[in-house]
2 protein chains.
Amino acid sequence: MRILVARCTVDYEGRLAAHLAEAVRLIMVKADGSIAIHADGGAYKPLNWMNPPNNLTETPERWTVTNTRGEQLVIELLEVLSDVTHDLGSDPGLRKDGVEAHLQELLAADPSVLEDGFRLVRREYPTAVGPVDMLCRDAAGAAVAVEIKRRGETQGVEQLSRYLEFLNNDPALQPVQGLFVAEEIKPQARVLADARGIRCKVVDYAVLRGDRPEDLRLF
Amino acid sequence: MRILVARCTVDYEGRLAAHLAEAVRLIMVKADGSIAIHADGGAYKPLNWMNPPNNLTETPERWTVTNTRGEQLVIELLEVLSDVTHDLGSDPGLRKDGVEAHLQELLAADPSVLEDGFRLVRREYPTAVGPVDMLCRDAAGAAVAVEIKRRGETQGVEQLSRYLEFLNNDPALQPVQGLFVAEEIKPQARVLADARGIRCKVVDYAVLRGDRPEDLRLF
DNA sequence: GACTCTATCTCGGTA
DNA sequence: TACCGAGGTAGAGTC
């Protein structure tokens, strides 16, 4: 990884046009050829960047970075304050716990959490417009399509609506109800779900995993 | 900005749990207190990060970063290869041209571009499921809900469908037609719009802005 | 390669 | 502050 600190201006032409006026910034060139330009604020996003693969043409005053999609980044170097290179080696990568996939696994393992008497028919139940996260039968034997999200937004309700539209064309299943499950459900998503006759259920990943019994959450 | 290159392990506990095994990485500490940890690949995303405001507790072997939302990042420093600090000063920021907002402004300024006789009722017209980009009346006085995108995809059509569903419940407006406007409309989006009775209109930002007259685009 | 969906999305706007 | 939507979304998985 090459780390440059320099007073510079930057121009990007590609999916849109963007310009950075003169200032001191960090320019990171990674082993895969990617380039990122950071200011001294905002943890996550570089001001400008180019994803690999890139072609870098370098002169002392100007770097021109192009890629195969017709995007171009031009860095005018007015003053280089530092220019160092470190060999970082490869990274073992990030291990995560608590994403939507884990939520799905826990709910599939015990669907009765969603409602008494629920039993799982199939995970990733296929429809013509994509797979439903879970298809269940309730205590009365009626089919229920379950869509699971970490954050419940209107988009997820739309997704479930589409699945229900198709599932309700299957004589072996119909009528199919909808259940929208998330750790957090936004007001607009709830309004839309109500309008579509879809029920909502909020769950807690930590509780499902058994870390914190439900009654302890009162504190 | 402080730039550390170090062999380290990292643990994050917050919106989810994540772990990074031992490796050499770049640790960036910005003036606003934000922290980002980068590997030598992937231009954009740090492996781990903490957004400001943060509280950083530092010992030679361990950094503990916490914020007000109960998130915590712990960095175990096994070997520090470099530790430098640069004063970058403030950044004038990024100027962008060609985003959706600019498209909206130009169309709001002259809705007749969309169709002869169109006049604007209101931008960001509110509904229970979110605001429509523009509500217009056509030459005959009929209401038209307009959704504007840079890239027209099925999602945008779904969005407009949702608005229309609710707008058509308003006796003062109904019947409300839909018009989907974008610089580029994907085939699938067009098919879906047709199926929903929504009209499509392709516009060109440069032409609207007046840079390039329509007839010059033939070359 | 194109399409789909998630994300510790980030970031900006607004009520 | 919370909510909403755009983004050069990026990045991962699937077909």
Side-chain angles (χ1 to χ4, degrees), chain A residues 11-18 34 36 41-52 67-73 93-94 96-104 124 126 129-131 133 147-151 153-156 158-159 162 182-191 205, chain B residues 10-19 34-37 41-52 65 67-73 93-94 96-104 123-124 126-133 147-151 153-156 159 162-163 186-189:
Chain A
D11 279 280
Y12 165 79
E13 282 279 347
R15 278 172 275 184
L16 56 60
S34 61
Y44 194 100
K45 261 188 96 160
L47 292 165
N48 274 110
W49 69 95
M50 287 284 276
N51 287 331
N67 68 16
T68 51
R69 285 178 298 189
E71 295 172 280
Q72 186 183 57
L73 189 77
L94 190 65
K96 292 190 202 181
D97 180 38
V99 295
E100 181 188 314
H102 302 140
L103 209 53
Q104 272 200 43
E124 303 294 340
V129 287
D133 286 340
E147 180 65 30
I148 301 161
K149 295 281 177 207
R150 239 167 24 89
R151 296 165 69 162
E153 299 176 12
T154 50
Q155 215 168 289
E158 293 279 17
Q159 206 178 329
R162 277 202 305 274
E183 289 192 271
E184 177 200 354
I185 296 181
K186 296 286 167 82
Q188 288 196 350
R190 206 176 277 275
V191 167
Y205 177 67
Chain B
V10 183
D11 280 279
Y12 165 78
E13 284 278 347
R15 279 171 278 182
L16 56 61
H19 174 73
S34 62
I35 294 187
I37 298 159
Y44 199 88
K45 249 188 111 158
L47 293 164
N48 275 107
W49 69 94
M50 287 283 277
N51 287 332
V65 189
N67 69 15
T68 50
R69 284 178 298 191
E71 296 173 279
Q72 186 183 57
L73 189 75
L94 189 65
K96 290 191 204 180
D97 183 35
V99 296
E100 182 188 313
H102 302 143
L103 210 53
Q104 268 200 46
R123 281 178 70 182
E124 302 294 340
T127 78
V129 288
V132 195
D133 285 339
E147 181 65 30
I148 301 162
K149 296 283 179 207
R150 239 165 22 89
R151 294 163 137 182
E153 298 174 14
T154 50
Q155 200 172 291
Q159 204 178 329
R162 219 157 57 220
Y163 298 148
K186 296 282 170 82
Q188 287 186 353

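Proteins get letters first, then strands, A, B, ... in listed order; numbering begins at 1 in each.
- Partners of Asp11(A) by side-chain contact (heavy atoms from CB on, under 4.5 Å), not counting sequence neighbours, listed by chain and number: His19(A).
- As rounded to the nearest Å, dT8(C) and dT4(C) have P atoms that lie 22 Å from one another.
- For the pair Arg123(B) CZ and dA6(D) P, the interatomic distance rounds to 13 Å; values are reported in whole Å.
- Between Asp133(B) and Glu124(B), some side-chain heavy-atom pair lies under the 4.5 Å cut-off.
- Under 4.0 angstrom from either OP1 or OP2 of dC4(D) there lies at least one side-chain N or O belonging to Gln188(A).
- For the pair Lys149(B) and Glu184(A), nearest-nucleotide mapping onto DNA chain D gives the more 5' position to Glu184(A).
- With sequence neighbours left out, the salt bridge (Lys or Arg N to Asp or Glu O under 4.0 Å) criterion links Lys149(B) to Glu147(B).
- Using a 4.5 Å heavy-atom cutoff, the side chains of Val10(B) and Leu47(B) are not in contact.
- For Arg190(A), there are no salt bridge (Lys or Arg N to Asp or Glu O under 4.0 Å) partners two or more places apart in sequence or in a different chain.
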*Watson-Crick or G-U pairs under 3.5 Å in DNA chain D, rendered as dot-bracket with [ ] for crossing pairs and | for another strand*: |||||||.|||||||
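- Residue-level contact check: Tyr163(B) touches the backbone only, with heavy atoms under 4.0 Å from sugar-phosphate atoms and none from bases.
- Partners of Pro52(B) by side-chain contact (heavy atoms from CB on, under 4.5 Å), not counting sequence neighbours, listed by chain and number: Asp32(B), Ser34(B).
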_Strictly under 4.0 angstrom, non-hydrogen atoms only: write out the protein contact profile of nucleotides 8-15 of chain D, one letter per nucleotide from the 5' end, B, S or -._
BSSS----
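- Annotation: salt bridge (Lys or Arg N to Asp or Glu O under 4.0 Å) contacts of Glu100(B) (sequence neighbours excluded): none.
- Once you apply a 4.0 Å limit to the heavy atoms of chain B, the touched nucleotides of DNA chain C run 5' to 3' over dT4(C) to dT10(C).
- With sequence neighbours left out, Gln188(A) forms a side-chain hydrogen bond (donor to acceptor under 3.5 Å, both in side chains) with no residue at all.
- dG8(D) and dC4(D): their P atoms are spaced 22 Å apart (whole Å).
- Partners of Thr127(B) according to the side-chain hydrogen bond (donor to acceptor under 3.5 Å, both in side chains) rule, which considers only residues two or more places apart in sequence or in another chain, do not exist here.
- For Glu184(A), the side-chain contact (heavy atoms from CB on, under 4.5 Å) partners at least two apart in sequence or on another chain are Arg151(A), Lys186(A).
- Taking atom CD of Gln155(B) as the reference point, atom P of dG7(D) lies 12 Å away to the nearest angstrom.
- By the salt bridge (Lys or Arg N to Asp or Glu O under 4.0 Å) test, Arg123(B) is found to be paired with no residue, residues two or more places apart in sequence or in another chain being considered.
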